Every structure is written in structure tokens, then in C-alpha cells.
Amino acid sequence: MSIAWRLALRDLRGGLVGLRLLAVCLFLGVAAIAGVGSLSSAIVGELRAQGRVILGGDLSLSLSQRQATPAERAGIARLGRIAESASLRAMAARRDNGEAVLAELKAVDAAYPLYGRLTVAPGAETPRPGGGRVLIAPALADRLRIGVGDPIRLGEAMLRVGGIIAEEPDRVGDGFVLGPAVLIGMADLGRTGLIQPGSLYNWRYKVAMPAGTDAAAAGVALNRAFPEAGWRVRDSSDGAPSTRRFIERIGQFLTLVGLTALLIAGIGVGNGVGAYLGGKRPGIATLKTLGASSGTIFRIYLIQVGLVAVGAVVLALVAGALVPSLVVALAGAALPVAPGFAIQPRPLALAAAYGLLVTFAFALAPLARARAVGAASLFRGGVERAARPAWRVVVGVVAAIGTAAALAVGTAREPLFAAGFLGAAAVLLGLLALIGWGVRVAAARLPRSRRPLLRLAIANLHAPAAQTDRLVVALGLGLSLFATLAVIQTNLGGQIRSTVPDRAPAFFMLDIPSAEVDRFRGLIAGTAPGSTLTMVPSLRGPVVAVKGVRVAEMKNVPEGAWILRGDRGLTFAQDLPAGNRITEGRWWPAGYAGPPLVSMDAEAGRLLGLKIGDAITVSALGVEVPATIASFREIKWDSLGFNFVLIFSPDTFAGAPFNYMATLDLAPGRETAVNRAVTAAFPSVSLIRVKDVIDQVGTLLGQLATAVAAASAVAIAAGIAVLVGAITASRAARVYDAVLLKMLGARRIQILAVQAMEYAVLALLVSAVALAVGAAAGWYVVVQVFQLEWGPDWSVVLGTLAGGVLLILAIGLAGALPALAARPARALRDM
């Protein structure tokens, strides 16, 4: 081993020219995985580190449509200091012209905030809400064109803007919101008249507990002490669970995309090692004639490859560790929290392991070829075909790739999703490899063209040194990712811009008083004649038990069981709503007045393993209501109407106070009139403009598309690196061909035309494969996952692929320039 080390280090003194491709490909793949993993871990770590501030306490208890009873509040008070708050949606309006926009209203008491700091922008009249003054978010000030000291109407109360919010410590913990924030004092909440029986609001109790207290255990004890409270308990170890889950899922997906890019880079690793060893044939032959064993040869070049790989991995880890700071500097406002710089050991270690495993897998075959042949064969290696790898090499390659896949699945947040993604990528890689092999076979068997340039271009596709099959895999997978992204993005973008707005109502309206339904209908009819108003009863409450098992006591909650997290919209109906279809069971008969029945979304029921006749219990206004599942429904979610996961039989909530919600479909141009009329006549009613929601969804999808495109760009870059490596590896053969053609009278333009035709055929073939793969994968995501209509913008998709074709062609032609510049006399002397 010491001899192998000395020879390996001595040989490296001549430079790393032959191993540059290995270093570049490995750097790209590992840096992508390390960067994505570091960013995801940094954000999740920051969410956990700021858990108390984000949650607003060590423990948070949330109740829907009610406050805690005296006994419940006394139980909470025994845990520590309490801060109460109420959150709801409300219309914030100007006094002069009645212009109103939807806002997220939060009423806070004097103890708020328990952790963190509430800060206001310079020029504020007060640092806290209360005494008739409110604090508003900058977005609300801009939309209403108001500032400090101006009046603002909330419900029935006319209040005064006391300041503009600079930092609200627990805003991230509140989750997704539809409007800008308004902070109001608890005493002023009663003046607004927004809290009425049946109003949709959440009452929260934040608790600051003594040091050393186990908040999670305290939450479990509270649930046991008050099993029917129906509150949602969270502790500071997970202050923003929905945000954390979203970041972790996106991070997992992008890591898998990066791992796929690393596999593409592995092809470049194999090409680079093979080309490097090809250039070392004279040295290897000399060592063998001097008595070096095959094992010594293998160890020498394994050491060299390992040193270069470790160096590339270390540089990639440094780049990946810096990604969070770079993203914060460039797009910190788009992140839920801005993490500071910190090394994330776990994702960096995983990225390094992936890089070294892929290097071993793709470098093993060329290393084994150099080890297995004799000295004489090495001298003839330029004209000999490479032998098939030995079974031990195949086992080693499979073991390395299998270990990397097992590591990816074993460390994934959702192992089944990771396994499915990697399985699909493996199938695609196999398909591309088969297509590449088929191209070589077909090119070899095609009738010889009478056009010499075309005949030469086709011959280059199946020549012994051709790497057509590898290039089809490397370039095809990268372009397939971009084509899939283009198909999905244009399809969703088209839905958001045209189809969804045409189908969606103009407004969702919440908290319509049940006692004033007729007056509300009359107002709409007078303000917007010919409009369509659809109204349904509305309550909110969590699912507290499934098949007799309390949700709070469940140990293995299915990952996709979102129905068990937080409050659900509840309603009751006599008839099956439009856009719903019974898939199992039966709808209750007209006039049904028996025990409570419920119709459930079929997908939610499948995730929970429910069947017809099972029991499910919800808590509405502090009262637990058990119901028997009578049917499962398929819901057409893209209708953007009232799509309730749970619909109960008509008498289920008899006697319970409730309000109505409505959708309003009206002619364009009437939105402002309806907004002002409803806000003036019904201050408690909240109007949600569907256009605003669609804009928020479009912004979110755009951010996701940018993240996926960035990860996919690594796959494209790796494919380009493989292409450049293939051109470099075949440079000697290209120069030889060009010299012979020149001697036979060929002009430079003709030689260039041969190269152009070869790479044009390759690029068009790869693009056709990418188009087919992208269309199939995009259709599955759009139609099967999102359940939307199929309608991508093919001009954008084809434009994306055309850009890939031009890039491949340009790189291929650039690689042909050295061959064109070769002088026949000098080239022949060097051969």
C-alpha cells in the first residue's frame, strides 16, 4: 500500500488534467444536495430555535368559536402566565369613501407578547394596540392609503391607526393568512361587534411556563383533564408545524432531484476516469512490465480518484454550507424565517456520502478494466474493444448505488414518496439507456447514404468510441426534468389566469348572520341584479375522535391525514351539493331526522382507513358530536365552490348557533359596489376576493417553480459537463478523422457540417424523448395529483426544448473547432 501511495502521489505531480471532469461533475451534484439540505435544515432549525417566539408561548391552546370555560381557564392558569388573543377575519374600511379590504384581525391583551418583541415603525403614536388605537401592517396601509393618525373602521367601531407594524413575533405561527394584519386591544374587540354567536373566530391561550417544565407533557395532561374541550394543543418544540412540514417536503423533493442530477454526474465521473486511464496506458504498461501487480495498479489509481473525489466533495460541501446565507441575502423576504449562518452537519454528511458512493459506483468499472488486462493488451488498448465487466464489478456498482438509494429512502421524511421518486427515476434512466443503445444499433444498421457527409455523421453515432448511449441518458434526463416543469407550470399558470377565474365566484362571504339572511339576499339583489348567490350554513371545529379513538391519544397518525390537524369547516345539508359524487354508501333520504350521519371526502376516508358505518366525532362550540359515516364523496375541488370534507345530516347541529357563508358570482365591474354596500350594511361580514386568493396561489407556485428549476438546472449542468467530457475524450479521434478528410479534399465547412448533423440528430432525439417524458409526467401531476384540466402551453414547452437543442448543438460545434484547426502534417507526426 505504501508503494501505491508513493506512485499515486508522484503521478499526480503531473497535474489533474484528466480528472477535471470527475471533479466538475462531482462538485455540481454534491453542491446541489448539500445546498438544498442545508437550506431546509437551517429554516427548520430556526423554526425550532424560535419556537417560543413563533408560537407566542411554551404552550398554545386554540378554541374555535368559543372561549374557555372558567374550569378550563383555571386549569390553564395553573401552568404559568397566560396571554389571551382572538383571531378572525374582518373588513377594514376607510371612513371617507367606504373602501374596504379583508384583514386578519388579532385582538390581544396586556400580557401579549409573552416572548419576542412587538415593534412598530418610526412615527407611531403608540407602541401597542389599545385605547381605541390599532396597529396595522404596511400592506394594509398601502391598500387603504392611510397612515398613522387616520381613522379606520372595523366592524361597528371607528378606531384610529396608532402605528405601522414592523415586527409581529408570532405571525409565522399563525399560518397561512388571506389579508394583512391588524392588531387591536382586547377591550376594543367588543366595540366592533364582530364576535357574535356563530361567528368564525379562534380564541387562543398562550402560556409561559416556569423553566424546566415539560410543555409537551403539560399539554397531554390538559387533554386528559379536559377530554371534551376540543382545543388544539401545540408546544414550542413545533411552533409552526404547517410551515415546517412544507419546508421539509420541498427540501426532500429537491434533494431527490439533486440526487438524480448526481447520478447524471456519475456518467461524467465514469467518462472522466475512463479517459484519464486511457491517457495513462503507457505508464500502466510500463509498471506492469516492471512487475507491478494488478492489485497495485488498481490501488494506485483508486487512490488518485479518491483524492480528487474527496477534494471535489469538500469544495462542494463548502459551497452547499454557504447556500442558506446566499438565499437569505437574495430572497430573505420570501422565507418564513431568516436563518443565520450555521453548519448543518446532517445534510452535509449525507451529501458527502452520496458523492463518494456515486464516485465509487461509476469509477469502479474503468478501474477494474485497467486492473484486469495484461501489459501487451494495454499497449493495444486503443484498438481493442472493452471487455464486459466482471461479476464482482457489477455487484460492487449495484451495491454502491443501492446503498445510496437506501440512504435516501431511510433518511427521507416520507420514505414511500422517496422510494417512488427514485423508482421512477430509475425506470426513466433505464428507458433512456435503452433508447441510447437502440440509436447506436439503428445507426449501424441503416442503409449507407449516398451523401458522404450524412453517412459520416451517422457513422459517428455508432463508432466504437461513440458515447451516444451515455449522452442520451445524461442529456435526456436533464431536459426531461425541465420539460416536465414547463408542462406543469404552464398548465397551472393557464388554469390560474383563465380557467379558474372564469369558473370561480367573485367573492366568498363569511359570517352572514343567520337571522338576517333575507335582508342580505335583498341587499345583493338590489346592488348586483342578475348575480348568483349561494349560501350554506357554517360552523368550525376539530375532529376529536375516529372509530372511538381520541385524536389526541393517537400514536401513529397517517402522514397525509390533514383532516385531523386543526379545525375543519362543518356544514349540514339536505341535498348532495353540486360538484360532488357519491362513490360509496348512500346519501340520506329527504326529510331524514334520525341519528347524526356524515358524508366524508373519499380520499380523506381512505387515508384514515375508514369504511361505511364507522364513527367520527367532531367538536362544535365545545360540544362533541358523534356521527356515523353514511357515504364517501368524490369532490371536484377545482370548482372553487363550497367543498366541505364533512357534510352532516340536517338535524345534526339542531339548536347550535351558526352563521352562513356564501359565494357570489356577478358581472365584472360590480365588485367595488358590492364590497362597499355589504361592508356598510353588514360590518361583521368578511368578503374574500377570489382574485386575491388566486394571486397568492400564483405567487407561491412561481416560487416553487423557481426552486425546482434551480435544482433541475444542476441536472442540465451535469449533462452539459458529460457532453463536454465526451467531446474531450473523443478529441483525438475527431482530429484523426478531420485530418483524413482534409487529405481527401474536404473543406472545413464540410467537416463542420458533419459535426453539426451528428449533434443535431442527437439533440433532436433527446428533445423528443424529453417531450414524451415531460408530457406523461406533467399529465400525471396535473390531472391525477392536482385533479385539474389538461391544457399546457405547448409553445413554452417546445421553446424550452428548442433552447436545449440549440445549447447541445452549440457545445458540440464548439468542441469541433480544435479538430478543424489541426494541420495534417503535424497531426500525422503526433499520431
Side-chain angles (χ1 to χ4, degrees), residues 60-66 72 175 202 216 219-235 238 241-242 245 413-414 416-417 538-573 576-577 580 582-588 592 594-635 637 643-654 656 658:
S60 172
L61 298 99
S62 178
L63 290 164
S64 181
Q65 295 183 276
R66 74 177 184 94
E72 292 169 345
N202 288 308
V220 172
L222 271 178
N223 275 327
R224 290 176 179 171
F226 303 96
E228 297 183 359
W231 48 32
R232 182 187 178 196
V233 181
R234 291 157 52 195
D235 64 81
D238 197 7
S242 58
R245 285 192 295 268
R413 184 178 182 273
E414 299 177 26
L416 289 179
F417 172 79
S538 171
L539 301 92
R540 288 195 70 82
V543 177
V544 296
V546 177
K547 293 194 292 188
V549 179
R550 307 287 302 182
V551 172
E553 298 176 359
M554 288 184 177
K555 296 182 179 180
N556 297 316
V557 179
E559 180 60 35
W562 49 268
I563 187 176
L564 302 182
R565 301 190 188 102
D567 295 333
R568 299 266 69 81
L570 309 176
T571 191
F572 53 89
L576 180 67
N580 288 241
I582 298 295
T583 59
E584 187 179 355
R586 284 188 287 179
W587 192 260
W588 39 83
Y592 176 80
L597 300 176
V598 63
S599 179
M600 189 175 187
D601 171 49
E603 181 64 18
R606 184 189 65 80
L607 288 171
L608 294 176
L610 299 176
K611 61 182 183 300
I612 302 298
D614 285 340
I616 186 170
T617 304
V618 298
S619 177
L621 301 170
V623 178
E624 293 195 358
V625 181
T628 301
I629 298 177
S631 64
F632 291 107
R633 291 169 292 117
E634 181 184 74
I635 303 174
W637 295 102
N643 295 312
F644 287 87
V645 177
L646 300 172
I647 300 179
F648 293 83
S649 53
D651 292 338
T652 300
F653 301 105
F658 63 88

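Values in this document were obtained by computation on a predicted structure and should not be read as measured data. Heads up: numbering here begins at 1 and tracks the sequence.
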(request) For side chain to side chain contact (heavy atoms under 4.5 Å, CB included), just list the numbers for Arg633 and Trp587, CA-CA rounded to whole Å, side-chain angles, deciding distance to a tenth of an Å, and then say yes or no. (result) CA-CA 10 Å; Arg633 291 169 292 117; Trp587 192 260; 4.0 Å; yes
(request) Dump the intermediate steps for side chain to side chain contact (heavy atoms under 4.5 Å, CB included) on Leu621 and Phe658, then the final yes or no. (result) CA-CA 10 Å; Leu621 301 170; Phe658 63 88; over 6 Å; no
(request) Start with the C-alpha gap between Thr652 and Val625, add the side-chain angles, then the distance that decides, and say whether side chain to side chain contact (heavy atoms under 4.5 Å, CB included) holds. (result) CA-CA 8 Å; Thr652 300; Val625 181; 3.5 Å; yes
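Rounding to the nearest 0.5 angstrom, the gap separating the CG atom in Leu570 from the OG atom in Ser538 is 8.0 Å. With rounding to the nearest 0.5 Å, the separation of CG in Asp601 from CG in Asn643 is 9.5 Å.
Identified under the side chain to side chain donor-acceptor pair (under 3.5 Å) test for residues 219-230, with sequence neighbours left out: Asn223-Trp231. Contacts classified as side chain to side chain donor-acceptor pair (under 3.5 Å) and involving residues 603-616 (residues at least two apart or in different chains) are given here: Glu603-Arg606, Lys611-Asp614. Sorted by first then second residue, the side chain to side chain donor-acceptor pair (under 3.5 Å) pairs that include residues 618-632, not counting sequence neighbours, are Arg550-Glu624, Ser599-Ser631.
Side-chain rings of Phe648 and Phe653 approach one another, their centers coming within less than 6.0 Å.
Closest non-hydrogen pair, Gly230 versus Leu63, comes out as C-CD2, 4.4 Å. Nearest heavy atom pair, residue Leu576 against residue Asn580, reads CD2-O, 3.6 Å. The heavy-atom pair separating Gly219 from Val233 by the smallest distance is CA-CG1, 3.8 Å. The minimum heavy-atom distance linking Gly585 with Ile612 is given by the pair CA-CD1, 4.0 Å.
Between Val598 and the options Leu646, Val645, Ile647, a side chain to side chain contact (heavy atoms under 4.5 Å, CB included) holds for only Leu646.
A donor-acceptor pair under 3.5 Å is absent between the side-chain atoms of Asp651 and the main chain of Ala654, judged by distance alone.
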Under 3.5 Å, which donor-acceptor pairs do the side chains of residues 540-549 form with other protein atoms, sequence neighbours left out?
| unit_1 | atom_1 | unit_2 | atom_2 | d |
| --- | --- | --- | --- | --- |
| Arg540 | NH2 | Asp567 | O | 3.0 |

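Annotation: salt bridge (charged side-chain N to carboxylate O under 4.0 Å, His left out) contacts of Glu584 (sequence neighbours excluded): none. In this structure Arg232 satisfies the side-chain contact (heavy atoms from CB on, under 4.5 Å) test together with Ser62, Arg234, Pro241, sequence neighbours excluded.
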